Protein chains: 2
Amino acid sequence: MSRSRLRVEWRASLSLVGTVLRYLSVPLAFPLVVALYYANDVLVFAATIVAVVGVGYGLERLDPDPDLGPREGFLMVGLTWLAVAVVGTMPYLLAGTGTLAEPVNALFESMSGFTTTGATVMGSFDDHSKAILMWRQLTQWLGGMGIVVLAVAILPELSVGGAQLMDAEAPGPGIEKLTPRIAETARVLWLAYVGITALEVVLLYGLHAAPPLVGVESLAPNMTFYNAVAHGLTTMPTGGFSPEADSIAAFSAAVQWLVIPFMVVAGTNFALVWRAVNGSPGRVVRDTEFRAYLGLLGVVTALLAGLLFTGGATGLELGSVVPGDAENSLRQAAFQVVSLVTTTGYATSDFAGWSEASKYLLLFTMFVGGSGGSTGGAVKIIRWVVVVKAIRRELFTTVHPEAVSPVRLAGSVVDERAIRGIFAFTLLYFVLFFVGTVFVVVDASRVDYSINVLEAMSATASTLGNVGPGFGSLGPFGSYEQFSDASKLFMVFLMWVGRLEILPVLVLFTPGYWRS
Amino acid sequence: MSRSRLRVEWRASLSLVGTVLRYLSVPLAFPLVVALYYANDVLVFAATIVAVVGVGYGLERLDPDPDLGPREGFLMVGLTWLAVAVVGTMPYLLAGTGTLAEPVNALFESMSGFTTTGATVMGSFDDHSKAILMWRQLTQWLGGMGIVVLAVAILPELSVGGAQLMDAEAPGPGIEKLTPRIAETARVLWLAYVGITALEVVLLYGLHAAPPLVGVESLAPNMTFYNAVAHGLTTMPTGGFSPEADSIAAFSAAVQWLVIPFMVVAGTNFALVWRAVNGSPGRVVRDTEFRAYLGLLGVVTALLAGLLFTGGATGLELGSVVPGDAENSLRQAAFQVVSLVTTTGYATSDFAGWSEASKYLLLFTMFVGGSGGSTGGAVKIIRWVVVVKAIRRELFTTVHPEAVSPVRLAGSVVDERAIRGIFAFTLLYFVLFFVGTVFVVVDASRVDYSINVLEAMSATASTLGNVGPGFGSLGPFGSYEQFSDASKLFMVFLMWVGRLEILPVLVLFTPGYWRS
Ligand SMILES: [K+]
Ligand SMILES: [K+]
């Protein structure tokens, strides 16, 4: 295929990927500082910084003055997450310790980080230095920041899979009107993202350090400053990585309660969050998606709390729920439901050992997803709202074939193209989930790895939806390490395609995208 | 709710259900004759005939001159399959033998018959008389006839879930133009349906009886006249019931090869079949859906034959496949693929014991379904064709947001409302499948019945898609008897809602349907 026949200026896209890689050197200074502080893996991060700057400059030289149309935009977005995940393996590979020293494992962990999935292939957490574990946390925070910018500023411009709706519901003037340029929008979102992260770090560490200052016992004995920062970095991106093998079960009930509202905020449309902190909380409360989101969290939590309160979940390795303990039942239910609906993936109980009914309730929540314009993954609340309204419309027009019956959101008519895009997205999501489950089961049987279908379903739903944990040995305190390389690479694909809302990645695989 | 507030003339609908019940007395004469011939269960069928005539007349008196609008049409269709399934339990209950003497089992078997599903809750086949087993076969033939009329003559008029497309592809003048009245269309279809059934009976019995007439060995030693009729009755409706516990594995390879083309015809649009026998086979060959259907059957058969030829499927109770036996591999692959794609549900091998890869390939085929306007169930080829085209259009418009890009079938633009309906249907289908699987698993765990998720998936896909067999103990030579009553009743609902294309039944559950 000669260059002239190609319709895509791939050099422009690669050049901007190069810019992203070069900028990656700035946050890499943070794990370098951690490495210096703990005097471990210093050279690893120094070398990585040199490499990303070098590779970044090299790519930028392909097109010193890149001009991006929509096609180049798709390519750039798809390639950015791939490139960042690939160079993100360097610290794991250079450190060379534990299971992450394997290239496929390193790629899995890196993609899981930058897509804010949180599925891990780590074996023992003790195999890795504090700096490596902090880098792992940081990849999620950086990935989440990228997703916020993508979801609020870029995808709506490209009107992909109903993404134009993601901001339609933000009441009042659209965020673009307030800040006319994408760069300015991005800056505002960064500020909110950094600010809320900082607030969580302060509060988490405050639970640890403040009570002793007034002479009472610490409310979070093991929430050190390192841990406060580490978890601050993975809540806002709905990431779910933790440097503790026991996730949030390692911490006190006070910490667990505190993390819940931060996860709820992380799963909220960032345009709404920005409005709320800018003094319009009333508009937030009237938002259709936000109400559906809170309503769903409330109903599912109540159901699950009821199941736990009456039946309990005893005999678990971690986080057993004693029947009849109201605070415990409510906390475990709320934490797990919020964690899975928002696709964060933290856990305070080994829910893989809960009753069948509870487990399937949790499997459902893995498909919900956060709000549009949040860092949450999966299908997303706004799409479900539109799907439900569109199916009700379909039932209505079945009886009234002559009726013109538009779908409305907050009083405005939703464009039929957006509805079509949402249907296509949701159906593709289920097809990928279904095909993915079969791939995982058949591949497992090929290599004689014993997995049941529920575990395979949870693995697929969890990676495609960027949730993180699954059931069985992939439970919240488990690992994906035992899968074959083929399955791991397939899940890397699922995390990538799921994170980027499927359609923008799939178009790259159509011949029509590349030629006129 | 006072009668005046109701917008639906439910008396008119019930009156026509009564007419259907009264007419049911005519085909009931057939099992009565069988009962007389074998001198067994004669009173059972005599009493059933009296009952359906009595109940039918009673319902007809509710509205002696019923006038049916679209709303009453939906209610009549939904109630007809329910009412027929309920009165269809009478022979099983009156005979009072075997597992079918249980009311819930009788309802399951009867609904499975009239919806042409073919899932069974029978234990030993020897518990039941020849007349009862023939009645069971006949319910499928009658149900299939109802579905042909519904799919070709009624649903397209109601434009439900894209059903208006079912005939759009029939080349040349639409069948309605050739036969302007629904009653006339129905008569023509009856003739084709009866004719092809009769042809199959003759050919099946011919394999048995003809060779000895010229002095050679019978090609089908156990294909008695009774068996020829019994299987003729369940092929055209893609029903899959058999009076033999071993289904088609009980018969010779010649019988198995002969049944395959009849299943293929049963899964073809009946308007096309009617055209082919009326001298326009060329038009049939150019039909988009028909080509997709044959292409899919060919590709999946080739894949599966390859898996069987290289790996085999040995050690089965019935129908083992020896690796390297080309005829056997091809026959077993073709038979099972055609049986499951067309949603017939016959089997010549215990495919529940095949390799994982083969089994999942078969699970996929359970979602395909026959052509629109056939007796096949599940999603149906025409919908998949439209879904694939619509998703490709979505990918195209993602890159070309300004492009107007209609979906075309055979050169004509497909109405966007039909596309919307098809998306809504397909998504609802997957949601029902997913929710259904969870219901079955959770209910099984409630009653301590051990079932794995694959088996539950197959049970849901098979009943919702009116396929019949599943995996595990629900395999082609197994039974659904071990499920709890709750699960059985839920599957009765799935068979009912799946057979009637979901939306026409769901509208009955919306308040807007009942009031203005
Ligand atoms: K996550
Ligand atoms: K069937």
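These figures come from a predicted structure and were not determined experimentally. Convention: sequence-line order gives letters A, B, ...; per-chain numbering from 1.
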Please report the C-alpha distance between B:Arg420 and A:Glu394 in whole Å, then the side-chain angles of each, then the deciding distance to 0.1 Å, and finally whether the side chain to side chain contact (heavy atoms under 4.5 Å, CB included) criterion is met.
CA-CA 8 Å; B:Arg420 230 160 69 185; A:Glu394 205 58 39; 3.9 Å; yes

Just do the side chain to side chain contact (heavy atoms under 4.5 Å, CB included) check on B:Phe423 and A:Ile391 with the steps written out, would you?
CA-CA 9 Å; B:Phe423 266 132; A:Ile391 286 179; over 6 Å; no

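Note: A:Phe434 and B:Phe433 meet the aromatic proximity criterion, with ring centroids under 6.0 Å apart.
When the shell of 6.0 Å around CZ of A:Arg392 is examined, it contains 12 or fewer heavy atoms from other residues, nucleotides or ligands.
Both the backbone and the side chain of A:Val435 come within contact range of chain B, each with at least one heavy atom under 4.5 Å from a heavy atom of that chain. Contact annotation for B:Phe430: only side-chain heavy atoms (C-beta onward) come within less than 4.5 Å of a heavy atom of chain A. Within the 4.5 angstrom heavy-atom criterion, no atom of B:Ala390 approaches chain A. Interface remark: A:Thr510 contributes side-chain atoms only to the contact with chain B (heavy atom separation under 4.5 Å).
Interface check for chain A: of the options B:Arg393, B:Glu416, B:Met457, the most heavy-atom pairs under 4.5 Å are formed by B:Arg393. For the set B:Tyr513, B:Phe396, B:Phe364, the entry with the most heavy-atom pairs within less than 4.5 Å of chain A is B:Phe364. Listed options B:Val442, B:Leu361, B:Leu395 were ranked by heavy-atom pairs under 4.5 angstrom with chain A; first place goes to B:Leu395. For the options A:Val441, A:Val431, A:Leu506, heavy-atom pairs under 4.5 Å to chain B are most numerous at A:Val441. The most heavy-atom pairs under 4.5 Å with chain B, out of A:Val387, A:Val438, A:Leu428, A:Thr426, come from A:Val438.
Rounded to the nearest 0.5 angstrom, B:Thr437 OG1 and A:Leu363 CG are separated by 10.5 Å.
Here the side chains of B:Leu427 and A:Tyr429 are not in contact, with every heavy-atom distance at 4.5 Å or above.
Between B:Glu356 and A:Arg446 there is no salt bridge, since no side-chain nitrogen of the basic residue lies less than 4.0 Å from a carboxylate oxygen of the acidic one.
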